[in-house]
Protein chains: 2
Amino acid sequence: MSATDHVVYVVDDDSSSRQSLEFLIRASGSTVHAFASAKEFLRFPRPELPACLVLDVRMPGLTGLQLQEELARLGVRVPIIFITGHGDIPMTVQAMKGGAVEFLTKPFREAEMLRAIAQAIERDWIAHCERLEMADLRRRYARLTPRETEVMASVVTGLLNKQVAAELGAAEKTIKAHRGRVMQKMEATSLADLVRMAEKLRVGASGN
Amino acid sequence: MSATDHVVYVVDDDSSSRQSLEFLIRASGSTVHAFASAKEFLRFPRPELPACLVLDVRMPGLTGLQLQEELARLGVRVPIIFITGHGDIPMTVQAMKGGAVEFLTKPFREAEMLRAIAQAIERDWIAHCERLEMADLRRRYARLTPRETEVMASVVTGLLNKQVAAELGAAEKTIKAHRGRVMQKMEATSLADLVRMAEKLRVGASGN
DNA sequence: TTTCCTATCGGACTTAGGTCCAATGGTGCT
DNA sequence: AGCACCATTGGACCTAAGTCCGATAGGAAA
């Protein structure tokens with residue numbers, strides 16, 4: 001991992017602890033952005049890159065746990081490493097239930113922190129790729145006309161063109177036309193391909 | 001949830017705590033099996049039912065955390081609720097990382113325990129359905145001959161029969177024959193259906 | 001050896017899917 | 001009114017997929 005392909009955010013109200021974290025992480029070769037409060041972090045325009053967040057649990061204003069909830073609410077899925085001076089078990093449980101990758105108590109070993117960060121970045125790198133793929137998929141799906149989405153939904157459930165035609169009250173010919181355009185717009189190379197796309201987009205049926 | 005459609009396991013070396021747990025959970029309407037040690041629990045022939053495990057962290061012999069690891073190693077994915085008298089944060093983190101649904105400190109409120117159990121059973125109920133479905137899918141897949149699995153793998157990647165034929169070095173006619181048998185044995189009603197089965201079985205490609 | 005399964009193909013069709021070209025009618029925007 | 005886009009369909013064809021029947025051949029098990 002080079003410094004430019006991922007970024008580590010640090011949110012900690014204690015300036016000395018924040019600065020030492022910043023120094024440590026930067027020395028390990030990562031790009032770091034440090035903030036003194038949750039609000040500052042939320043205001044920061046985050047680039048679309050693999051990232052992770054090192055977050056102090058106790059802070060004035062929004063606490064670490066509240067920030068975690070807020071990010072979940074906003075759909076921001078950045079992996080979080082919590083640090084705390086005086087944490088308790090319920091707090092830990094809540095953080096971990098919320099999907100935190102690690103929960104470290106101060107003082108922690110530097111190696112431990114760096115290992116946790118590496119793991120978090122690794123995890124988000126995968127999620128990041130999936131986000132890019134999903135965004136592309138949704139972009140293509142958004143190009144479909146309403147009718148085409150209906151046809152796609154029916155086709156990927158395995159219905160024959162004539163069955164789709166009956167279901168949508170149109171001629172088989174029309175369905176073929178729509179279907180062809182669906183394949184084009186979705187850039188699907190085969191029906192199997194289209195079915196897999198539909199699965200990822202959760203269209204067509206029971207949302208499994 | 002009635003008493004017979006799920007089961008709660010309790011593993012705790014302290015007999016008084018174990019018995020009160022057993023009483024509490026039984027009173028809530030669940031079937032309970034209690035054990036004084038991890039080994040006893042592992043020996044117990046568990047029925048294929050939605051279940052959860054209430055587990056004391058500290059125990060002589062295998063500890064709760066070690067049992068969690070052992071179960072993961074064995075592929076037993078039963079949701080675990082940990083209880084502990086004197087736990088610490090690293091212990092909590094390890095347990096939660098291992099997929100525990102809850103980590104309660106003694107003394108805990110009874111309502112809290114019952115809520116955790118209900119949630120764990122709920123979670124395992126879904127996983128249980130998926131296990132049944134996967135088992136059925138694998139049963140069907142196991143009926144395929146080696147050649148048929150190859151054909152299926154190629155077909156679900158979206159290849160045409162003639163392309164599959166070229167890839168496997170056979171006549172298109174032969175592929176059609178295999179393909180027909182694949183559809184029959186897999187009980188697929190359409191290609192879309194077969195593709196979805198292949199996805200669940202993770203056959204055919206990059207294992208996404 | 002006989003039987004069963006697997007893998008292999010051919011012929012003869014039927015059905016389904018897909019393409020190219022062309023055309024009609026509605027809607028919404030400029 | 002003119003234009004773009006959408007939904008709709010027809011005709012003519014071509015290719016792909018699937019089915020029924022039959023047949024050969026090797027290997028494994030009874």
Side-chain angles (χ1 to χ4, degrees), chain A residues 135-201 203-205, chain B residues 135-201 203-205:
Chain A
D136 192 47
L137 209 49
R138 272 193 276 263
R139 183 185 58 75
R140 296 202 294 270
Y141 186 64
R143 291 204 299 240
L144 300 185
T145 68
R147 198 55 162 173
E148 283 162 359
T149 66
E150 290 179 321
V151 171
M152 174 167 166
S154 295
V155 164
V156 298
T157 61
L159 296 183
L160 301 179
N161 283 341
K162 63 169 60 171
Q163 294 173 315
V164 179
E167 197 174 79
L168 301 183
E172 187 181 344
K173 210 61 217 281
T174 311
I175 302 303
K176 284 188 180 184
H178 285 312
R179 184 170 181 160
R181 280 190 293 270
V182 167
M183 294 295 284
Q184 271 190 12
K185 291 186 179 178
M186 294 303 291
E187 297 167 33
T189 59
S190 64
L191 177 59
D193 201 9
L194 190 71
V195 170
R196 269 183 282 266
M197 290 183 192
E199 286 289 291
K200 285 176 190 162
L201 288 167
V203 300
Chain B
D136 192 47
L137 210 49
R138 273 193 275 263
R139 183 185 58 75
R140 296 203 294 270
Y141 187 63
R143 291 204 298 239
L144 301 186
T145 67
R147 198 54 161 172
E148 283 162 0
T149 66
E150 289 179 320
V151 171
M152 174 167 166
S154 294
V155 164
V156 298
T157 61
L159 296 183
L160 301 179
N161 283 342
K162 63 169 60 172
Q163 294 174 314
V164 179
E167 198 173 79
L168 301 184
E172 186 181 344
K173 210 62 220 277
T174 310
I175 302 304
K176 283 189 180 183
H178 284 312
R179 184 171 180 159
R181 282 189 292 270
V182 167
M183 293 296 284
Q184 272 190 11
K185 291 187 180 178
M186 292 303 291
E187 297 167 33
T189 59
S190 64
L191 176 59
D193 201 9
L194 190 71
V195 170
R196 269 183 282 266
M197 290 183 191
E199 286 289 290
K200 286 176 189 161
L201 289 166
V203 299

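Throughout, protein chains are lettered first and strands after them, A, B, ... in sequence-line order, and every chain is numbered starting at 1. Note: hydrogens, waters and symmetry copies are ignored here, and every other heavy atom, side chains too, is used.
Between B:Gln184 atom CD and D:dT19 atom C1' the separation is 11 Å, expressed in whole Å. Atom P of nucleotide D:dG26 and atom CZ of B:Arg147 are separated by 17 Å, given to the nearest angstrom. At whole-Å resolution of the value, CG in B:Leu168 and C1' in C:dA7 are 12 Å apart. We find that CD of B:Glu148 is positioned 10 Å from P of C:dT8, with the value rounded to whole Å. As rounded to whole Å, 15 Å separates atom P of D:dT15 from atom CD of B:Gln163. Between the NE2 atom of B:His178 and the P atom of D:dG18 there is a distance of 14 Å, given to the nearest Å.
Between A:Thr145 and D:dC5 there is no side-chain N or O to OP1 or OP2 distance below 4.0 Å.
Mapped onto DNA chain D by nearest heavy atom, A:Lys185 and A:Ile175 fall at different nucleotides, with A:Lys185 at the one closer to the 5' end.
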Tabulate below the donor-acceptor pairs under 3.5 Å that side-chain atoms of residues 185-194 of chain B make, not counting sequence neighbours, or state none.
from	atom 1	to	atom 2	distance (Å)
B:Lys185	NZ	B:Arg143	O	3.2
B:Lys185	NZ	B:Glu148	OE1	2.9
B:Glu187	OE2	B:Arg143	NH2	3.2
B:Thr189	OG1	B:Asp193	OD2	3.2
B:Ser190	OG	B:Asp193	N	3.2
B:Asp193	OD2	B:Thr189	N	3.0

If you look only at distance, which donor and acceptor atoms sit under 3.5 Å apart when one is on a side chain in residues 160-174 of chain A and the other is two or more places apart or in another chain?
from	atom 1	to	atom 2	distance (Å)
A:Asn161	OD1	A:Arg179	NH1	2.6
A:Gln163	OE1	A:Leu160	N	2.8
A:Glu167	OE1	A:Ser154	OG	2.9

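Separation of atoms CE (B:Met197) and CG (B:Asp136) is listed at 9.0 Å; rounding is to 0.5 Å. How far OG1 of B:Thr149 is from NE2 of B:His178: 10.0 Å, rounded to the nearest 0.5 Å. Once rounded to the nearest 0.5 Å, the distance linking CZ of A:Arg140 with CD of A:Gln184 reads 13.5 Å.
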Listing time: all N or O pairs from protein to nucleotides 14-18 of chain C that are below 3.5 Å?
from	atom 1	to	atom 2	distance (Å)
C:dA16	OP2	A:Lys162	NZ	3.0
C:dG17	OP2	A:Asn161	N	3.2
C:dG17	N7	A:Lys176	NZ	2.9
C:dG18	OP2	A:Arg179	NE	2.8
C:dG18	N7	A:Lys176	NZ	2.8
C:dG18	O6	A:Lys176	NZ	3.3

Exercise for the section: Would you check, one step at a time, whether the test salt bridge (charged side-chain N to carboxylate O under 4.0 Å, His left out) holds for B:Arg147 with B:Glu150? Expected result: CA-CA 5 Å; B:Arg147 198 54 161 172; B:Glu150 289 179 320; 2.8 Å; yes

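Nucleic acid contact class of A:Thr174 (heavy atoms, under 4.0 Å, all strands): base.
Of the candidate nucleotides D:dT9, C:dG10, C:dA7, D:dT9 has the atom nearest to the side chain of A:Ala171.
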